[in-house]
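Along the sequence shown, residues are numbered consecutively beginning with 1.
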Amino acid sequence: MTPQSLSPSRMAPFGMLLGLLMAFCFTSCLNYQNPNEFALTNLEKSSTKEPDKKETKVEEEMDPEVLEVFQPTHEWQALRPGQAVPAGSHVRLNLQTGAREVKLQYEDKFRNNLKGLKKGKRLDINTNTYTSQDLKSALAKFKEGAQRESSKEDEARQVEVKRLFRPIEELKKEFDELNVVIETDMQIMVRLINKFNSSSSSLEEKIAALFDLEYYVHQMDNAQDLLSFGGLQVVINGLNSTEPLVKEYAAFVLGAAFSSNPKVQVEAIEGGALQKLLVILATEQPLTAKKKVLFALCSLLRHFPYAQQQFLKLGGLQVLKGLVQEKSTEVLAVRVVTLLYDLVTEKQMFAEEEAELTQDVSAEKLQQYRQVHLLPGLREQGWCEITAHLLALPEHDAREKVLQTLGALLATCWDHYRKDPQLSKMLASLQAEYQALATLELQEGEDEGYFRELLGSIDSLLRKLR
């Protein structure tokens, strides 16, 4: 039967069958095509000639080293043509822009590893696995590298030190060639004592030796070394010299050595230093010599109750009284008042510690302070009247020291102060003077000025004496 003989009604099924067959063939052909060729691209990009694309593709395959490796992050980023993507990256096609986008897929990998862990597999956090032997080997190499670096730094430091400094043996050798001897402090002090004690030394040489010696004995260890080889007694004996300058500088050395050095203080008392110092203060001597001697006496008495006992027994308060009453000795008077204030407050402090049964002070020292009858001695020697009259000194610093001493002696001298009309007049006059000075300080913006403190001390005394 020829097709021409078929009626139109019978030709319709054949046409439908043929159309389905062609659609099936077309779909199969599409499945075998490269999916990259069906990506949505711009018209400009699609207009690129096919040979150029093939040539570029061939060149990229031939020379993969020229590709730029894209570094993805956790965010989607557009991938430019010609960029290589690291293995394991998550790539997608943006249908809106037609560009390929890349990001890391650590989250997906973590989920897969977690699933594997739930199934009994080991969670692989790092794809680069190492054996224990690899780790030990790497650690050993790291330690060796650190040791090499450390040894190199030490060698460089030693070279730098050798460049900047020279060995002591080399210096000693050069000094020996120059007839220069390196001496320790001990050796220097021995040499100075020998120079001072030598009968062939001139007065200038002896004074120079004492002046240099005072510099070294400021250090506690050096002062004790001076004691160890007998140099301290040589200096104490220098107080007997007929030369006022020798007495002055010997007392200067002793004052520096006594300061806060109990061991030296004890040896000085046993060596007769206290008697010699009091003799110089009680006799006619230059003012400069008495200043240095008074300095040595203060250093010997402070924080040394046994020396304070001996001081009272030897009539030390009487000696100081005569010193204050001399003419043109206002400087010495202020220093004497300062010493008395320190001794009184020191004894009061230890009396308070004894009442509180403190463990900071030894029982022997507390017993020694009990035997120091300083306040009765001051009252008997007339120091209540002497300190009151010293308020007439013109210097503000001297008045401050006198006011402090008056406050410390108030309990002992209260009746004397109340009966002394001159003291009341002097305090009233000073109150008016310092009131005006304190007002000026306030105007200048000094709320807690020096004159205001002095005014407070005067007001406090006046209130207690009423």
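Residues passing the ring pair (Phe, Tyr, Trp, His ring centres under 6.0 Å) test with His303: none are found, sequence neighbours excluded. For Glu453, the side-chain contact (heavy atoms from CB on, under 4.5 Å) test picks out no residue, with sequence neighbours left out. Judged as a salt bridge (charged side-chain N to carboxylate O under 4.0 Å, His left out), and not counting sequence neighbours, the contacts of Arg166 are Glu170, Glu174. Remark: Lys291 engages no residue in a salt bridge (charged side-chain N to carboxylate O under 4.0 Å, His left out) (not counting sequence neighbours). Remark: Trp414 pairs with no residue by the ring pair (Phe, Tyr, Trp, His ring centres under 6.0 Å) rule, at least two apart or across chains.
Between Glu160 and Arg163 a salt bridge is recorded (basic side-chain N to carboxylate O distance below 4.0 Å). Ion pairing between Arg379 and Asp415 holds under the 4.0 Å rule for side-chain N and carboxylate O. At a threshold of 4.0 Å, the pair Lys290-Glu326 counts as salt-bridged, since one of the basic side-chain nitrogens sits closer than that to a carboxylate oxygen. Under the 4.0 Å criterion applied to side-chain N and carboxylate O atoms, Glu441 and Arg452 are not assigned as salt-bridge partners. Salt-bridge annotation for Glu395 and Lys401: absent, with no side-chain N of the basic residue lying under 4.0 Å from a carboxylate O of the acidic one. Using a cutoff of 4.0 Å between basic side-chain nitrogens and carboxylate oxygens, Asp154 and Arg157 are scored as salt-bridged.
In the displayed structure, Glu270 atom CD is contacted under 6.0 Å by more than 12 heavy atoms of other residues, nucleotides or ligands. Residue Arg191 places its CZ atom among more than 12 non-hydrogen atoms of other residues, nucleotides or ligands, all under 6.0 Å distant. Other residues, nucleotides and ligands contribute at most 12 non-hydrogen atoms within 6.0 Å of the OH atom of Tyr215.
Rounding to the nearest 0.5 Å places CZ of Arg466 at 11.0 Å from CG of Leu461. The CG atom of Asn222 sits 9.5 Å away from atom CG of Leu213, with the distance rounded to the nearest 0.5 Å. Put simply, CG on Leu227 and CD on Glu267 are 4.5 Å apart, with the number rounded to the nearest 0.5 Å. The NZ atom of Lys419 sits 13.5 Å away from the CG atom of Leu465 when rounded to the nearest 0.5 Å. Of the inter-residue distances, the one linking Gln265 atom CD with Ser259 atom OG reads 8.0 Å to the nearest 0.5 angstrom. Residue Lys347 holds its NZ atom at 11.0 Å from CG of Leu343, rounded to the nearest 0.5 Å.
Side-chain contact between Asp420 and His389 is present, with heavy atoms from C-beta onward closer than 4.5 Å. Between Leu254 and Phe295, the closest side-chain pair of non-hydrogen atoms is not below 4.5 Å. Counting heavy atoms from C-beta on, the side chains of Arg399 and Leu454 never come closer than 4.5 Å. Looking only at side-chain heavy atoms (C-beta outward), Leu317 and Phe311 come within less than 4.5 Å of each other. Annotation: side chain of Val217 is not in contact with side chain of Asn261 (no heavy-atom distance under 4.5 Å). A heavy-atom distance below 4.5 Å is found between the side chains of Tyr369 and Gln308. Contact check for Gln435 versus Phe451: no side-chain heavy atoms found under the 4.5 Å cut-off. You'll find the side chain of Leu378 stays beyond 4.5 Å of the side chain of Thr412, heavy atoms only.
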Next item on the list: Start with the C-alpha distance between Glu205 and Phe196, add both sets of side-chain angles, then the distance that settles side chain to side chain contact (heavy atoms under 4.5 Å, CB included), and finish with yes or no.
Entry: CA-CA 7 Å; Glu205 291 175 339; Phe196 168 72; over 6 Å; no
Next item on the list: Report the C-alpha distance between Leu104 and His90 in whole Å, list the side-chain angles of each, state the deciding distance to 0.1 Å, and finish with yes or no for side chain to side chain contact (heavy atoms under 4.5 Å, CB included).
Entry: CA-CA 6 Å; Leu104 296 175; His90 194 176; over 6 Å; no
Note to self: Determine whether Ile188 and Thr184 satisfy the following criterion, side chain to side chain contact (heavy atoms under 4.5 Å, CB included), listing intermediate values before the conclusion.
What the structure shows: CA-CA 6 Å; Ile188 294 174; Thr184 63; over 6 Å; no
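Legend: salt bridge (Lys or Arg N to Asp or Glu O under 4.0 Å) pairs involving residues 300-309, not counting sequence neighbours, sorted by first then second residue: Arg302-Asp342.
Formation of a donor-acceptor pair under 3.5 Å by the Ser241 side chain with backbone atoms of Gly238 is not found in this model. Between the side chain of Ser228 and the backbone N or O of Asp225, at least one donor-acceptor pair lies under 3.5 Å. Lys195 places no side-chain N or O within donor-acceptor distance of the main-chain N or O of Ser201, the cut-off being under 3.5 Å. A donor-acceptor distance shorter than 3.5 angstrom exists from the side chain of Thr338 to the backbone of Val334, with no hydrogens or angles considered.
For the residue pair Tyr450 / Glu400, a side-chain donor-acceptor distance below 3.5 Å is found, with atom types taken as modelled. A side-chain donor-acceptor contact under 3.5 Å links Glu214 and His218. Neither side chain, Gln310 nor Gln275, offers a donor N or O lying under 3.5 Å from an acceptor on the other.
The two residues Ala273 and Leu239 make their nearest non-hydrogen contact at O-CD1, 4.4 Å. When all heavy atoms of Ile193 and Gly231 are compared, the closest pair comes out as CD1-O, 3.8 Å. Looking at every heavy atom in both residues, Gly272 comes nearest to Ile236 through C-CG2, 4.5 Å. Taking every heavy atom of both residues into account, Leu391 and Met426 meet most closely at CB-CG, 3.7 Å.
For the side chain to side chain donor-acceptor pair (under 3.5 Å) with Arg370, the lone residue among Gln368, Gln367, His373 that qualifies is Gln367.
The aromatic rings of Phe304 and Tyr306 sit tilted relative to each other, their planes meeting at an angle between 30° and 60°.
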